[in-house]
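Everything on this sheet refers to the single structure shown next.
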Amino acid sequence: MEKICYNSTRGIKENLPASCAILNGIAKDGGLFVPDTIPFIGDKLEDCKDMSYKKLASFIIGKFFTDIEKEELDRCLDLAYDNKFDSEDIVPLKKTKKAFYLELYHGPTLAFKDMALCLLPHLMKVSAKKQNLKKDIVILTATSGDTGKAALEGFADVKGTKIVVFFPKDGVSEIQRRQMITQTGANTRVIGIDGNFDDAQSEVKKIFNDADLKSELDKKGYVFSSANSINIGRLVPQIVYYFYGYMELVRTGEIKLGEKINFDVPTGNFGNILAAYYAKKMGLPIKKLICASNDNKVLFDFLSTGTYDKMRDFIVTISPSMDILVSSNLERLIYDISSRNSDLVNKLMNNLNEDGKYTITEDMKKELNSFYGGFASEQETLDAINYNFENYNYLMDTHTAVAHAVYKKYVDSTGDNTKTIIVSTASPFKFTKSVMSALDSKYTKYNDMELVDIMSKISGLKIPKGVEQLKKNNVIHKTTCEKNEMKDQILQFLLNK
């Protein structure tokens, strides 16, 4: 097997093995780790056709993480994808008359982040052993709602780790908030910030690059890593479900092997659709990647114009996990479509930091032809929820509804009837207030937890264990802070300062 090494999007060439890249989370120069090549398996699609999810994950992830032995990886996968998931298929593919939905929310926290974050702690433990790391790993994470709980669930009480999660205290759903603030685990700390996700994410990146802080913590036996999709250990496992969804269409006779399909992905931080882009580069027959945004349509504008501009009002929407103006993973795409020109990436990222925007070259714009950008307003999102439930008895969350609304626009504007998988990223039970209000305004008088039982009754869907438990869980994490106090909160947690 070809050995794959990892280097920074911004120029540092260390040729690190996967285990080092996973442990570090982010490169020394502030860039993101990328593989020196994307492994091609387009000539082995026949081999993938009848693989279970775990076998497919072993095959694909093993192509990237070449310093992790197959036996080690398989053990990690067995621990990750077990009875924590309420579906034997791990990611069921559901069909309505008009679309296919790849449901990525059957894990313990009811969101697609579980697909990678159930695996990441085990990958880190293997990586730490390989690198003879004796220090405790401090997982530092900013979340727009879903990553935080999924990371907490994965790392809680894992020996040799601590995890600190920052979330916008007024920018997540009530279910998401309760999931985080009731999290148990002696090694966990959850903090709400007075600000939005971009505030939390930018401060986390600054902390990662604080040399004095890292030196101080190093002396105390701590090293930072990340559970956000800036960590390559988070991103690569997400590639798997695109292959799995495609193979499900083949297995059910919806398409023939080799036939191209589209994927429609709701995204804010760009990681989920970047995983689909990597799948396409690996040889998965994908015609178009439909990038669905909400009213914070920074990605739509970028794909339309080639200019990325974060200097705009931040809009709090009913799809909060997509309320993002700085899409970190876009840097990996920029690196790829610039022919891996790290000097240019550095220049563009500096422009973003200093001026709040950048514009890519004409040649780079041509490389965006794999993508279609669209966005859905709040009303269009609500209408999509209502339409699909009324017509097909299919209940979706607000993020999936954004994707459905954008898919409809795509078909109307292009006439492309290629079979399309809509990536369903969260359970409707995580956003009861918005989802139920879309069905009938009479539900606005109920609170989120009251609506859980009503949603189950009218939809016939079983209440997920994780939501049922929230009714009984006690609030453990009550701390809030300003964004400029985040570093102090970390020191207080780790060093009792």
Could you give me the CA-CA distance, side-chain angles and deciding distance for Lys54 and Asp78, then say whether salt bridge (Lys or Arg N to Asp or Glu O under 4.0 Å) is met?
-> CA-CA 8 Å; Lys54 280 197 281 192; Asp78 284 338; 3.1 Å; yes
Answer yes or no: does atom [atom1] of [X] have more than 12 heavy-atom neighbours from other residues, nucleotides or ligands under 6.0 Å?
{"X": "Lys13", "atom1": "NZ", "answer": "yes"}
{"X": "Lys214", "atom1": "NZ", "answer": "yes"}
{"X": "Lys419", "atom1": "NZ", "answer": "yes"}
{"X": "Lys471", "atom1": "NZ", "answer": "yes"}

Drop me the distance from [X]'s [atom1] to [Y]'s [atom2], to the nearest 0.5 angstrom.
{"X": "Lys220", "Y": "Ser215", "atom1": "NZ", "atom2": "OG", "answer": "11.5 Å"}
{"X": "Lys125", "Y": "Arg75", "atom1": "NZ", "atom2": "CZ", "answer": "10.5 Å"}
{"X": "Asp47", "Y": "Phe59", "atom1": "CG", "atom2": "CZ", "answer": "6.0 Å"}
{"X": "Ile273", "Y": "Leu330", "atom1": "CD1", "atom2": "CG", "answer": "10.5 Å"}
{"X": "Leu152", "Y": "Thr182", "atom1": "CG", "atom2": "OG1", "answer": "9.5 Å"}
{"X": "Leu348", "Y": "Asn341", "atom1": "CG", "atom2": "CG", "answer": "9.0 Å"}

Minimum heavy-atom distance [X]-[Y], with the two atoms named:
{"X": "Ser229", "Y": "Leu235", "answer": "O-CB, 4.2 Å"}
{"X": "Phe429", "Y": "Ile175", "answer": "O-CG1, 3.7 Å"}
{"X": "Leu32", "Y": "Ser328", "answer": "CD1-O, 3.6 Å"}
{"X": "Asp397", "Y": "Ser427", "answer": "CB-O, 3.7 Å"}
{"X": "Ala142", "Y": "Asn228", "answer": "O-ND2, 2.7 Å"}
{"X": "Asn24", "Y": "Phe33", "answer": "CB-CE1, 3.8 Å"}

Can any side-chain N or O of [X] pair as donor or acceptor with the backbone N or O of [Y] at less than 3.5 Å?
{"X": "Thr66", "Y": "Ile4", "value": "yes"}
{"X": "Ser52", "Y": "Lys55", "value": "yes"}
{"X": "Asp89", "Y": "Val91", "value": "no"}
{"X": "His404", "Y": "Ile422", "value": "no"}
{"X": "Arg234", "Y": "Ala227", "value": "yes"}
{"X": "Asp157", "Y": "Ala186", "value": "yes"}
{"X": "Ser225", "Y": "Leu23", "value": "yes"}
{"X": "Tyr246", "Y": "Ile286", "value": "no"}
{"X": "Asp36", "Y": "Tyr6", "value": "no"}
{"X": "Asn15", "Y": "Asn7", "value": "no"}

Are the side chains of [X] and [Y] in touch, meaning some heavy atoms are under 4.5 Å apart?
{"X": "Leu344", "Y": "Met364", "result": "yes"}
{"X": "Lys3", "Y": "Asp67", "result": "no"}
{"X": "Thr188", "Y": "Thr184", "result": "no"}
{"X": "Ser87", "Y": "Glu103", "result": "no"}
{"X": "Cys76", "Y": "Val126", "result": "yes"}
{"X": "Pro39", "Y": "Phe64", "result": "yes"}
{"X": "Asp43", "Y": "Leu45", "result": "no"}

Side chains of [X] and [Y]: donor-acceptor distance under 3.5 Å anywhere?
{"X": "Lys113", "Y": "Thr147", "answer": "yes"}
{"X": "Thr432", "Y": "Glu174", "answer": "no"}
{"X": "Thr420", "Y": "Asp264", "answer": "no"}
{"X": "Lys149", "Y": "Gln183", "answer": "yes"}
{"X": "Glu153", "Y": "Thr109", "answer": "no"}
{"X": "Tyr105", "Y": "Thr400", "answer": "no"}
{"X": "Ser127", "Y": "Ser19", "answer": "no"}
{"X": "Asp323", "Y": "Asn196", "answer": "no"}

Derivation of the salt bridge (Lys or Arg N to Asp or Glu O under 4.0 Å) call for Glu72 and Lys129 = CA-CA 11 Å; Glu72 294 173 320; Lys129 188 175 179 181; over 6 Å; no
Start with the C-alpha distance between Ser226 and Asn231, add both sets of side-chain angles, then the distance that settles side chain to side chain donor-acceptor pair (under 3.5 Å), and finish with yes or no.
-> CA-CA 6 Å; Ser226 173; Asn231 191 318; 5.4 Å; no
Between [Y] and [X], does any NZ, NE, NH1 or NH2 come within less than 4.0 Å of an OD or OE carboxylate oxygen?
{"X": "Asp86", "Y": "Lys465", "value": "no"}
{"X": "Lys487", "Y": "Glu203", "value": "no"}
{"X": "Asp218", "Y": "Lys135", "value": "yes"}
{"X": "Asp146", "Y": "Lys430", "value": "yes"}

Of Tyr81, Phe85, Phe243, which meets ring pair (Phe, Tyr, Trp, His ring centres under 6.0 Å) against Tyr53?
->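 In the set Tyr81, Phe85, Phe243, the residue that makes a ring pair (Phe, Tyr, Trp, His ring centres under 6.0 Å) with Tyr53 is Tyr81.
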Do Lys288's NZ or CZ and the ring of Tyr410 fall within the cation-pi criteria of under 6.0 Å and 45°?
-> no
Identify, with sequence neighbours excluded, every residue that meets ring-ring contact (aromatic ring centres under 6.0 Å, His included) alongside Phe431.
->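 If we apply the ring-ring contact (aromatic ring centres under 6.0 Å, His included) test to Phe431, skipping adjacent residues, the hits are His399.
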Check step by step if salt bridge (Lys or Arg N to Asp or Glu O under 4.0 Å) holds for Lys256 and Glu259.
-> CA-CA 6 Å; Lys256 293 179 180 178; Glu259 184 178 340; over 6 Å; no
For Thr161 and Asp136, run side chain to side chain donor-acceptor pair (under 3.5 Å): C-alpha distance rounded to whole Å, both residues' side-chain angles, the deciding distance at 0.1 Å, then the answer.
-> CA-CA 5 Å; Thr161 70; Asp136 280 1; over 6 Å; no
Test Glu2 against Lys63 for salt bridge (Lys or Arg N to Asp or Glu O under 4.0 Å), laying out the working first.
-> CA-CA 8 Å; Glu2 182 182 0; Lys63 295 288 184 185; over 6 Å; no
Residue pairs meeting side chain to side chain donor-acceptor pair (under 3.5 Å), one or both in residues 267-278, sequence neighbours left out, come to Gln201-Asn269, Gln238-Asn272, Tyr241-Asn272, Tyr242-Asn272, Tyr277-Asp336
Would you please indicate if the ring centroids of Tyr394 and Tyr101 are separated by under 6.0 Å?
-> yes
